Amino acid sequence: AQSVTQPDIHITVSEGASLELRCNYSYGATPYLFWYVQSPGQGLQLLLKYFSGDTLVQGIKGFEAEFKRSQSSFNLRKPSVHWSDAAEYFCAVGANTPLVFGKGTRLSVIA
Amino acid sequence: NAGVTQTPKFQVLKTGQSMTLQCAQDMNHEYMSWYRQDPGMGLRLIHYSVGAGITDQGEVPNGYNVSRSTTEDFPLRLLSAAPSQTSVYFCASSYGQGSGNTIYFGEGSWLTVV
């Protein structure tokens, strides 16, 4: 069965520092991979997605993610974090099935 | 273009009461689903539908019923609410069952059962 693991429950970074959020997945076929962001009290916003092709995908708000098949990973990165990036981030996997979500990583940004 | 519309946005229920969370989409999407979100648990699939008249269970279906009489609507029913159903509920839709299709989420419904 497919599953998603986000090892970090909570991460705190300084504003301007780089960020990497980890995501590992288990899936029986070629996966479609997603990162969503959720601000407090809000719905989900799609940051980026990987279907095929170039393993480095660019998203909105300056985020990018790299698909590494050998490591079953799809880590999210941002070179310089802004205070407005404080939110919860969810990795998800799916193809011809409903999406399966990780449990999320909460990002705090300090001055 | 309204996208995916969920109502109500907030609701407080007493244990044992019933209610329906409404979900409507105006994009002619075949595929619709309901998730619940709980702290530290991410989003878990409750029920989904691949088209009018077809529904199936997800990871956490107990205590919930769904129906899909039209393409546009996919209501989620709680027949006898329990405190364990206190959660945030999200409805989602896409053109097809495959997640390769862009998935649109509603803004969520915050439900508290006391």
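Below, chains carry the letters A, B, ... as their sequence lines are ordered, and counting in each starts from 1. The structure displayed is predicted, hence computed values, not measured ones.
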Tell me which of these, B:P39, B:G40, B:S33, has more heavy-atom pairs under 4.5 Å with chain A than the rest. B:G40
State plainly whether one hydrophobic cluster holds both [X] and [Y], where clusters connect Ile, Leu, Val, Met, Phe, Trp and Tyr through side-chain heavy atoms under 4.5 angstrom apart.
X: B:F10; Y: B:V12; result: no
X: B:Y89; Y: B:Y104; result: no
X: B:V60; Y: B:F105; result: no
X: B:Y64; Y: B:V50; result: no

Taking only residues two or more places apart in sequence or in another chain, which ones pass ring pair (Phe, Tyr, Trp, His ring centres under 6.0 Å) with B:Y35? A:F101
Could you tell me whether the side chain of [Y] reaches within less than 4.5 Å of the side chain of [X], counting heavy atoms only?
X: B:L43; Y: A:L99; result: no
X: A:Y36; Y: B:I103; result: yes
X: A:F90; Y: B:Q37; result: yes

Between B:Q6 and chain A, which part of the residue has a heavy atom less than 4.5 Å away: side chain, backbone, both or neither? neither
At a 4.5 Å cut-off on heavy atoms, which part of B:L45 comes close to chain A: side chain, backbone, both, or neither? side chain
Can you see which heavy atom on A:G41 is nearest to which on B:W110, and at what distance? O-CH2, 3.4 Å
Going by side-chain hydrogen bond (donor to acceptor under 3.5 Å, both in side chains), name the residues that satisfy it together with A:S84, two or more places apart in sequence or in a different chain. A:H82
Would you compute the distance between atom CZ of B:F90 and atom CD of A:Q38 and round it to the nearest 0.5 angstrom? 4.5 Å
